[in-house]
J.: 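Below is a structure I'd like to ask you about.
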Amino acid sequence: MSRATILMYHLVDTPRSDKEHRFCTTPDDFAAQIEWLSTSGYTPISIAQLCAGVKGEVPIPDKTVHITFDDGFACVLEHAAPVLQRHKFPATMFALSDKLGETNDWMSRRGFPERAILPASGLHALEQAGFTIGSHTRSHVSLPDVPPEVAREEIHGSKHRLEDALGKAVEHFAYPFGRFTPQLRDEVALAGYASACSTRSGFNRSGEDPFLLRRIDVFGTDRLWQFKQKLKFGTNEASRTYPLRYLARRLAARLGI
């Protein structure tokens with residue numbers, strides 16, 4: 001069955017602390033991952049094409065992949081965009097409307113290194129490199145943990161503010177921290193988005209809810225063999241024993257154990 005894989009990144013740079021490393025893929029590792037995708041038969045598609053596929057409007061090609069980035073870090077423009085452009089891989093950046101040109105204070109308050117966030121001009125530069133710009137709320141709040149009216153403004157307001165900054169429609173959304181509720185899912189649809197990405201792992205097939213798209217989290221600590229394993233099995237887990245445990249579960253299911 002044809003299926004689409006969405007990969008999730010945050011930073012592409014040299015990690016500045018051990019704590020940051022999980023969210024920060026080195027430029028060399030990122031280049032190796034995209035090179036492997038490019039030479040291993042993966043079909044890169046845009047987020048709009050992927051959404052059309054899960055809605056059943058067009059077929060999903062075999063081994064389809066889309067690349068996404070959360071938060072809007074400046075290092076993505078410097079280190080990731082040239083690699084993706086060279087291999088003709090479209091990507092999506094989920095940006096924070098109220099953090100453009102600022103820093104990742106929602107992370108630095110928790111002990112992460114301070115990092116620059118792209119200004120609107122940087123988002124335009126990403127668009128020139130083949131990126132789609134989506135929304136990641138106004139300020140990276142955990143939506144289920146704030147009052148409904150605040151969550152509503154984070155969802156609707158970020159769309160309007162990004163559209164004003166970019167001069168075009170912003171049609172795609174990603175839940176901060178991957179956290180959502182059925183009510184928040186419906187609010188995203190009501191705001192006029194065409195899709196929303198979660199952090200639930202797995203593949204996206206025809207019939208998948210476009211407002212609960214699944215993504216594979218690429219850790220900065222992943223070795224290339226772990227990256228390949230995540231792509232093969234559609235999971236965030238990558239270990240030497242995972243393939244054996246996966247096959248054991250499949251066998252048990254067939255035997256009705």
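Along the sequence shown, residues carry numbers from 1.
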J.: Look at the side chain of D186 and the backbone N and O of Q183, then say whether any donor-acceptor pair between them is shorter than 3.5 Å.
T.: no
J.: Looking only at atom types and distance, does a side-chain atom of N104 sit under 3.5 Å from a main-chain N or O of W106, one as donor and one as acceptor?
T.: no
J.: Using the side-chain hydrogen bond (donor to acceptor under 3.5 Å, both in side chains) criterion, which residues pair with S40? Sequence neighbours excluded.
T.: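 side-chain hydrogen bond (donor to acceptor under 3.5 Å, both in side chains) list for S40, sorted by chain: W36.
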J.: Would Y175 and F173 count as a ring-ring contact (aromatic ring centres under 6.0 Å, His included) here? Give the steps.
T.: CA-CA 7 Å; Y175 303 99; F173 184 84; 5.4 Å; yes
J.: Spell out, as yes or no, whether a donor-acceptor pair under 3.5 Å connects the side chain of Q49 to the backbone of S46.
T.: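 Present.
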J.: Have E171 and S195 got a donor and an acceptor in their side chains that come within less than 3.5 Å?
T.: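 Not at all, the side chains of E171 and S195 share no donor-acceptor pair under 3.5 Å.
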J.: Answer yes or no: is there a side-chain heavy-atom contact under 4.5 Å between T25 and D13?
T.: no
J.: So, K159 side chain and S135 main chain: donor-acceptor pair closer than 3.5 Å or not?
T.: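 The answer is no, because no donor-acceptor pair under 3.5 Å joins these two groups.
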J.: In chain order, what residues pass the ring pair (Phe, Tyr, Trp, His ring centres under 6.0 Å) check against F131, with sequence neighbours excluded?
T.: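 Counting only residues at least two positions away or on another chain, F131 forms a ring pair (Phe, Tyr, Trp, His ring centres under 6.0 Å) with F69.
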J.: Going through the distances and angles, do M8 and F94 end up as a side chain to side chain contact (heavy atoms under 4.5 Å, CB included)?
T.: CA-CA 10 Å; M8 176 176 64; F94 293 109; over 6 Å; no
J.: Does K228 make a cation-pi contact with F233 (under 6.0 Å, within 45 degrees of the axis)?
T.: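 Judged by the rule, K228 and F233 form no cation-pi pair.
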J.: Given 3.5 Å as the limit, does a donor-acceptor pair link the side chain of Q229 with the main chain of S239, or not?
T.: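 Side chain of Q229 to backbone of S239, a donor-acceptor pair under 3.5 Å: yes, one is there.
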J.: Begin with the C-alpha distance, continue with both residues' side-chain angles, and end with the deciding distance and a verdict on side chain to side chain contact (heavy atoms under 4.5 Å, CB included) for R22 and D217.
T.: CA-CA 10 Å; R22 183 183 184 278; D217 195 351; 3.8 Å; yes
J.: Find out if a path of hydrophobic residues (ILVMFWY) with successive side-chain heavy-atom gaps under 4.5 Å connects V150 to F180.
T.: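 Linked within one cluster.
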J.: If you take all heavy atoms of I155 and A191, which pair is closest and at what distance?
T.: CG2-CB, 3.9 Å
J.: If you round to the nearest 0.5 Å, how far is OG1 of T132 from CD1 of I47?
T.: 7.5 Å
J.: Heavy atoms, side chains only, cut-off 4.5 Å: are I6 and R214 in contact?
T.: no
J.: Determine yes or no for a side-chain-to-main-chain donor-acceptor pair under 3.5 angstrom, with E114 supplying the side chain and S108 the backbone.
T.: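 Side chain of E114 to backbone of S108, a donor-acceptor pair under 3.5 Å: no, none is there.
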J.: With the side chain counted from C-beta on, respond yes when L37 and L231 share a heavy-atom pair under 4.5 Å apart, and no when they do not.
T.: yes
J.: Ignoring hydrogens, what is the shortest heavy-atom contact between D222 and D29? Give both atom names and the distance.
T.: O-OD2, 4.4 Å
J.: Say whether V54 and F203 are linked into one hydrophobic cluster, either directly or through other cluster members, by side-chain heavy-atom distances under 4.5 angstrom.
T.: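 No; tracing contacts between hydrophobic side chains, which count when under 4.5 Å, never links both residues.
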J.: State which residues pass ring pair (Phe, Tyr, Trp, His ring centres under 6.0 Å) with H172; sequence neighbours excluded, sorted by chain then number.
T.: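 H172 satisfies ring pair (Phe, Tyr, Trp, His ring centres under 6.0 Å) with no residue once adjacent residues are dropped.
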J.: Any salt bridge (Lys or Arg N to Asp or Glu O under 4.0 Å) involving residues 95-109? Give me the pairs, sequence neighbours left out, ordered by first then second residue.
T.: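 Residue pairs with at least one partner in residues 95-109: D98-R138, D98-R161, K99-D105, D105-R109.
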J.: Using the test ring pair (Phe, Tyr, Trp, His ring centres under 6.0 Å), find all partners of F112 that sit at least two apart in sequence or belong to another chain.
T.: F23
J.: Measure the shortest side-chain to side-chain distance between L100 and L96 over non-hydrogen atoms and say whether it is less than 4.5 angstrom.
T.: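 Of all side-chain heavy-atom pairs linking L96 with L100, none is under 4.5 Å.
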J.: Measuring from L7:CG to Y42:OH, what's the distance to the nearest 0.5 Å?
T.: 9.0 Å
J.: Would you call F30 and Y9 a side-chain contact if the rule is heavy atoms closer than 4.5 Å?
T.: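 In contact.
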J.: Would you mind listing every salt bridge (Lys or Arg N to Asp or Glu O under 4.0 Å) that reaches into residues 32-59, with sequence neighbours excluded?
T.: none
J.: Kindly say whether F227 contributes a backbone atom to a donor-acceptor pair with the side chain of Q33 at under 3.5 angstrom?
T.: no
J.: Output, in order, the C-alpha distance, side-chain angles, deciding distance and verdict of side chain to side chain contact (heavy atoms under 4.5 Å, CB included) for K88 and R86.
T.: CA-CA 6 Å; K88 297 182 172 60; R86 182 165 64 249; over 6 Å; no
J.: Could you state whether L224 and V65 fall into the same hydrophobic cluster, counting links through intermediate Ile, Leu, Val, Met, Phe, Trp or Tyr residues with side-chain heavy atoms under 4.5 angstrom apart?
T.: yes
J.: What residues form a ring pair (Phe, Tyr, Trp, His ring centres under 6.0 Å) with F73, not counting sequence neighbours?
T.: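 Once residues adjacent in sequence are excluded, F73 has no partner under the ring pair (Phe, Tyr, Trp, His ring centres under 6.0 Å) criterion.
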J.: Could you state the interatomic distance from CG (L77) to CG (L123), rounded to the nearest 0.5 Å?
T.: 9.0 Å
J.: If I take atom CD from residue E208 and atom CZ from residue R3, how far apart are they, to the nearest 0.5 angstrom?
T.: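 Rounded to the nearest 0.5 Å, the CD-CZ separation comes to 13.0 Å.
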J.: So, for S142 and R179, which heavy atoms are closest and what is the spacing to 0.1 Å?
T.: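 So the two residues come closest at OG-NH1, 2.9 Å.
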J.: Among pairs that include at least one residue of residues 63-78, which meet side-chain hydrogen bond (donor to acceptor under 3.5 Å, both in side chains), considering only residues two or more places apart or in two chains?
T.: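 Those involving residues 63-78 are H66-T92, T68-R215, D70-R215, D71-H136, D71-H140.
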J.: Checking side chain to side chain contact (heavy atoms under 4.5 Å, CB included) between I67 and each of T5, V218, L84, which is the one that passes?
T.: L84
J.: Would you find more than 12 non-hydrogen atoms of other residues, nucleotides or ligands less than 6.0 Å from D145 atom CG?
T.: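 Check passes, neighbour count above 12.
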J.: side-chain contact (heavy atoms from CB on, under 4.5 Å) with P182: which residues, sequence neighbours excluded?
T.: none
J.: State which residues pass side-chain contact (heavy atoms from CB on, under 4.5 Å) with R223; sequence neighbours excluded, sorted by chain then number.
T.: W225, Q226
J.: Under 3.5 Å, is there a donor-acceptor pair linking the side chains of S158 and S97?
T.: no
J.: Identify the heavy atoms of A4 and L50 that sit nearest to each other, and give their distance.
T.: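 Looking at all heavy atoms of both residues, the closest pair is CB-CD1, 3.7 Å.
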J.: Answer yes if V170 and V141 sit in the same cluster of Ile, Leu, Val, Met, Phe, Trp and Tyr residues linked by side chain heavy atoms under 4.5 Å apart, and no otherwise.
T.: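 Yes: a chain of side-chain contacts under 4.5 Å links V170 to V141.
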J.: Kindly compute the distance separating CG (L213) from SG (C51), expressed to the nearest 0.5 Å.
T.: 5.5 Å
J.: Looking at K232, I'd like to know if its NZ atom is crowded, meaning that more than 12 non-hydrogen atoms belonging to other residues, nucleotides or ligands lie closer than 6.0 Å.
T.: no
J.: To the nearest 0.5 Å, what is the distance between CZ on F177 and OG on S198?
T.: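 The distance works out to 15.0 Å.
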J.: Who are the side-chain contact (heavy atoms from CB on, under 4.5 Å) partners of P113, not counting sequence neighbours?
T.: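 With neighbours one apart ignored, the set is R16, S17, E20.
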J.: Of the non-hydrogen atoms in A151 and L184, which two are nearest, and what is the gap between them?
T.: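 The pair with the smallest heavy-atom distance is CB-CD2, 3.8 Å.
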J.: What pairs with E127 under side-chain contact (heavy atoms from CB on, under 4.5 Å), at least two apart in sequence or on another chain?
T.: H124, I133, L166, K168
J.: Under a 3.5 Å cutoff, is there a donor and acceptor pairing between the side chains of Y193 and E187?
T.: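 Not at all, the side chains of Y193 and E187 share no donor-acceptor pair under 3.5 Å.
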J.: Is there a side-chain contact between L118 and L126, using heavy atoms and a 4.5 Å cut-off?
T.: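 They are in side-chain contact.
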J.: With no hydrogens and no angle check, is any side-chain donor or acceptor of H21 less than 3.5 Å from a backbone partner on G220?
T.: yes
J.: Kindly determine whether I216 and N236 satisfy side chain to side chain contact (heavy atoms under 4.5 Å, CB included), including the steps that lead there.
T.: CA-CA 6 Å; I216 305 301; N236 288 337; 3.9 Å; yes
